[in-house]
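What follows is a single structure, written as structure tokens, with notes after it.
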Number of protein chains: 2
Amino acid sequence: MSVQSRTLLDIAAEVLVTDPAASLAQVARAAGIGRTTLHKHYATRDDLLYAVAHRALELWEGAVESIPDGPDGGLRALAEAMVPIGPQLEFLWRTPAFDHVVEITDRWKAVEARGLAVLQRAQAHGVLRTAPPWWLLQTFYSLIYVAAECVMNGKLAPADAPDLVLSTFLTGLGTVIA
Amino acid sequence: MSVQSRTLLDIAAEVLVTDPAASLAQVARAAGIGRTTLHKHYATRDDLLYAVAHRALELWEGAVESIPDGPDGGLRALAEAMVPIGPQLEFLWRTPAFDHVVEITDRWKAVEARGLAVLQRAQAHGVLRTAPPWWLLQTFYSLIYVAAECVMNGKLAPADAPDLVLSTFLTGLGTVIA
DNA sequence: CCGACTCTGAACACTCATGTTCGCGACGGT
DNA sequence: ACCGTCGCGAACATGAGTGTTCAGAGTCGG
């Protein structure tokens with residue numbers, strides 16, 4: 001059931017990102033199981049949504065957890081770990097309903113703090129310019145998000161994504177003014 | 001009705017961004033009108049959604065339309081014009097259902113081309129580094145989006161937004177490596 | 001071979017958003 | 001004062017998604 005549940009939640013995330021109003025029947029069909037069976041795993045629609053959200057948080061935590069320190073504070077490793085879980089992050093970030101669920105927002109804040117820690121490590125290494133922490137975080141995540149999106153619709157090779165994110169994040173897209 | 005319709009569509013955009021599954025009753029209540037009256041303006045839910053989308057496109061077109069050329073190709077003016085219409089852009093960008101509506105996607109592509117033209121003007125002025133056009137565009141828009149979001153929840157002063165977007169876009173957030 | 005388990009489609013009742021109609025009251029022009 | 005227009009709430013019918021139950025079919029292990 002662990003593997004089953006894993007792919008089920010991931011498929012659900014993809015379907016629900018594509019169409020947030022998708023019915024449970026669509027999710028079940030996409031997962032190749034019966035609607036009744038889906039209901040047996042997750043009694044209500046909210047149960048499923050929360051499960052997918054927690055699955056996303058779990059992956060996010062896993063990505064942020066074991067980021068080793070380094071010359072860049074672990075920035076590159078963080079980008080490498082987060083781009084592949086783009087679909088799940090998109091689902092989590094783009095579902096406003098979660099903003100009022102304490103279980104989720106608490107976990108969210110915790111993992112965000114871990115991400116911020118990486119950025120501040122990078123800052124301590126002198127890699128990052130002085131800027132408001134929330135702007136650093138939001139900018140970094142938005143680049144991850146965009147890169148993941150570009151990977152998904154085939155415009156960007158998965159292997160190129162982390163480099164692109166990192167170089168854009170650090171040096172921007174303007175010509176070097178020296 | 002022009003003014004009426006204007007504020008109505010803007011309110012609808014905000015409500016629907018906050019909760020994409022909001023019922024028409026919620027939208028009507030937020031707009032301070034009766035559900036029946038809302039129905040008289042926009043017969044179906046889809047009609048309302050499309051109207052909001054076209055309203056967003058209209059604002060977007062207006063923002064992108066009259067960008068004068070300049071040393072930066074008009075980049076700063078574009079950022080200044082787009083940040084204020086953040087809510088409408090969020091609604092447009094975050095509603096997957098529009099991806100399959102030709103009327104909207106056509107207009108979307110057109111205005112996106114105008115935005116890309118500004119970026120390429122900037123590139124011609126030597127302001128932008130060589131990079132895939134879609135990455136330039138996506139990155140720029142995502143910064144606009146994030147800045148608009150930060151403005152909305154009070155973390156960022158509206159007047160500071162364009163500068164922050166532009167400096168991040170051009171030089172990134174890393175320390176200058178000289 | 002048999003029992004336990006799971007998945008499955010069919011069917012059901014239920015809720016809720018939707019779309020429509022109708023009659024009432026307010027406002028503005030004549 | 002009269003009448004057309006407009007917005008409004010109440011009420012209704014409809015459809016779709018949801019959650020539940022049930023019995024049959026398949027698989028696996030004893």
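Quick note on labels: first sequence line is chain A, next is B, and so on, each numbered from 1.
DNA chain D is contacted by both Lys40(A) and Gly34(B); Gly34(B) maps to the nucleotide lying nearer its 5′ end (nearest heavy atom per residue).
Atom CZ in Arg29(B) sits roughly 14 Å away from atom P in dC8(D) (whole-Å rounding). dT6(C) atom P lies 16 Å from atom CG of Leu38(A), rounded to whole Å.
Side-chain proximity of Ile33(A) to the nucleotides dC8(D), dT8(C), dG7(D) is greatest for dT8(C).
Among all heavy-atom pairs drawn from Leu57(A) and Arg107(A), the shortest one is CD1-CB, 3.8 Å. Pairing each heavy atom of Glu14(A) with each of Pro87(A), the nearest pair is CG-CB, 4.2 Å. Contact record, Val52(A) with Ala13(A): CG1-CB, 3.7 Å, taken as the closest heavy-atom pair.
Note on Trp134(B) and Met152(A): separate hydrophobic clusters, where clusters join Ile, Leu, Val, Met, Phe, Trp and Tyr whose side-chain heavy atoms are under 4.5 Å apart, directly or indirectly.
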Scan nucleotides 14-20 of chain D nucleotide by nucleotide, 5' to 3', and note B when protein non-hydrogen atoms come under 4.0 Å of the base, S if they reach only the sugar-phosphate, - if neither. ---SBBB
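Using modelled atom types, one finds a donor on one side chain and an acceptor on the other under 3.5 Å when comparing Arg129(A) with Thr171(B).
Partner Phe91(A) forms a ring pair (Phe, Tyr, Trp, His ring centres under 6.0 Å) with one of Tyr50(A), Trp60(A), Phe98(A) and no other, that one being Phe98(A).
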